[in-house]
Amino acid sequence: MSGAGLSPVARELFDLPVLVLARRLVGKVLVHETEAGIAAGRIVETEAYRGPEDLAAHSARGRRTKRTEAMFGPPGRAYMFLLYGTSWAFNVVSGREDVPHAVLVRALEPLVGLELMASRRKRAATARELTNGPGKLTQALGIDGAAYGVDLARGKLRLCEGKAGPIGRSPRINIDYAGPWVTRPWRFFEKGNRHVSVAPRI
DNA sequence: GAATAGATTGTCT
DNA sequence: GACAATCTATTCT
């Protein structure tokens with residue numbers, strides 16, 4: 001297969017406004033190499049988080065802590081956080097230093113290493129259930145807090161070029177606490193893709 | 001298919 | 001001590 005035609009994205013990609021980056025990341029391929037092998041998937045769903053004004057973001061109102069520190073760093077790094085004690089979520093940091101923006105990757109379409117993903121996600125009954133959610137895709141690719149702050153333009157965990165079909169948008173998922181920001185259509189997904197986590201409601 | 005409740009742990013107040 | 005950008009099993013249509 002010799003790389004399956006996968007080449008890393010240019011670093012300049014990350015130097016875009018967060019809403020533009022969230023849209024452009026759809027179709028890109030997330031690759032993770034481990035001792036167990038290579039696993040990779042096409043990104044089919046993202047969400048933009050634009051602190052400090054966006055109350056849905058962890059960096060809302062400029063909150064800068066040990067947990068959110070990566071969002072204040074340079075773009076193109078990974079921001080990882082743990083949800084409900086059980087699920088890791090993977091984000092791509094956007095915005096220059098001290099601008100705490102990030103893009104949450106919510107779903108992938110499995111491309112490489114399907115068997116490896118299945119062995120990591122024993123609960124998944126179907127191929128679709130391997131990576132159709134933020135916590136599921138990190139489990140399938142073997143990503144966790146150890147990836148906090150790593151450079152995504154190169155390395156074991158990296159983003160590679162890929163293409164996407166027509167892209168739709170909708171409000172973000174499960175941020176009911178965010179007041180007026182709840183309805184902002186800052187979720188991007190590939191239209192009609194079966195691997196999108198939650199069917200867009202219209 | 002849709003709705004509901006319980007799990008589980010690092011981080012923050 | 002409470003919470004969270006979720007997942008899973010269970011229950012009901």
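A note on names: the letters A, B, ... follow the listed sequences, proteins ahead of strands, and every chain is numbered from 1. Remember, predicted model here, so these are calculated numbers, not experimental data.
- Across the protein-nucleic acid pair, Tyr79(A) atom OH and dA4(C) atom P stand 14 Å apart, rounded to whole Å.
- At the phosphate of dA5(C), neither OP1 nor OP2 sits under 4.0 Å from any side-chain N or O atom of Arg187(A).
- From Met117(A), atom CE reaches atom CG of Leu114(A) across 6.0 Å, with rounding to the nearest 0.5 Å.
- A donor-acceptor contact shorter than 3.5 Å is absent between the side chain of Glu161(A) and the backbone of Ser7(A).
- In this structure a side-chain-to-backbone donor-acceptor pair under 3.5 Å is present from Thr68(A) to Arg63(A).
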Worksheet item: How does DNA chain C look in dot-bracket notation if pairs are Watson-Crick or G-U with both distances under 3.5 Å, crossing ones as [ ], other-strand ones as |?
Response: ||||.|||||||.
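- No side-chain donor-acceptor contact under 3.5 Å links Ser59(A) to the backbone of Gly62(A).
- Summarising the geometry, the separation between NZ on Lys66(A) and C1' on dT9(B) is reported as 14 Å, rounded to the nearest angstrom.
- Residue side chain Tyr84(A) fails the stacking definition with respect to dA7(B), as its ring centre and the base's six-membered ring centre are not both under 5.5 angstrom apart and under 30 degrees in plane angle.
- Following rounding to the nearest Å, Arg67(A) (CZ) and dC3(C) (P) show an atom-to-atom distance of 14 Å.
- With hydrophobic clusters built from ILVMFWY side chains whose heavy atoms lie under 4.5 angstrom apart, Leu157(A) shares a cluster with Val105(A).
- For the pair Lys136(A) and dT8(C), the criterion of a side-chain N or O lying under 4.0 Å from OP1 or OP2 is met.
- The side chain of Arg63(A) lies closest to dT13(B), out of dT13(B), dT11(B), dT6(C).
- The separation between Asp144(A) atom CG and dT9(B) atom C1' is 14 Å, rounded to whole Å.
- In this structure, Phe81(A) and His58(A) have perpendicular ring planes: the angle between them is above 60°, well past the 30° mark.
- The base of dA5(C) sits with one of its N or O atoms less than 3.5 Å from a complementary donor or acceptor on the side chain of His58(A).
- Counting non-hydrogen atoms under 4.0 angstrom, Ala56(A) reaches a base of the nucleic acid.
- In this structure, Tyr49(A) and Val18(A) have side chains that are not in contact, with every pair of non-hydrogen atoms separated by 4.5 Å or more.
- Using a 4.0 Å heavy-atom cutoff across all strands shown, Leu104(A) reaches at least one base atom of the nucleic acid.
- Of the listed nucleotides (dT6(C), dT8(C), dA5(C)), dT8(C) has the atom at the smallest distance from the side chain of Arg121(A).
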Item to complete: Mind running side-chain contact (heavy atoms from CB on, under 4.5 Å) on Leu13(A) and Lys28(A) for me, showing each step along the way?
Response: CA-CA 11 Å; Leu13(A) 171 71; Lys28(A) 298 291 187 288; 4.0 Å; yes
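- One can place CE of Met80(A) at 17 Å from P of dT9(B), the figure rounded to the nearest angstrom.
- Between Leu130(A) atom CG and dT8(C) atom C1' the separation is 15 Å, expressed in whole Å.
- Distances shown here put a side-chain N or O of Asn174(A) below 4.0 Å from the OP1 or OP2 atom of dT6(C).
- Here the side chains of Asn193(A) and Arg42(A) are in contact, with some heavy-atom distance below 4.5 Å.
- Arg184(A) places its CZ atom 18 Å from the P atom of dA5(C), with the value rounded to the nearest Å.
- The CG-C1' distance, from Leu83(A) to dA4(C), rounds to 6 Å in whole Å.
- By the neighbour-count criterion of 12 heavy atoms within 6.0 Å, atom CZ of Arg172(A) is densely surrounded, having more than that number from other residues, nucleotides or ligands.
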Report, one pair per line, the protein and nucleotides 9-13 of chain C atoms (nitrogen or oxygen only) whose separation is under 3.5 Å.
{"unit_1": "dA9(C)", "atom_1": "OP1", "unit_2": "Arg123(A)", "atom_2": "NH1", "d": "3.4"}

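- Contact annotation for Arg106(A): backbone-only contact, meaning every heavy-atom pair under 4.0 Å involves sugar-phosphate atoms and none involves a base.
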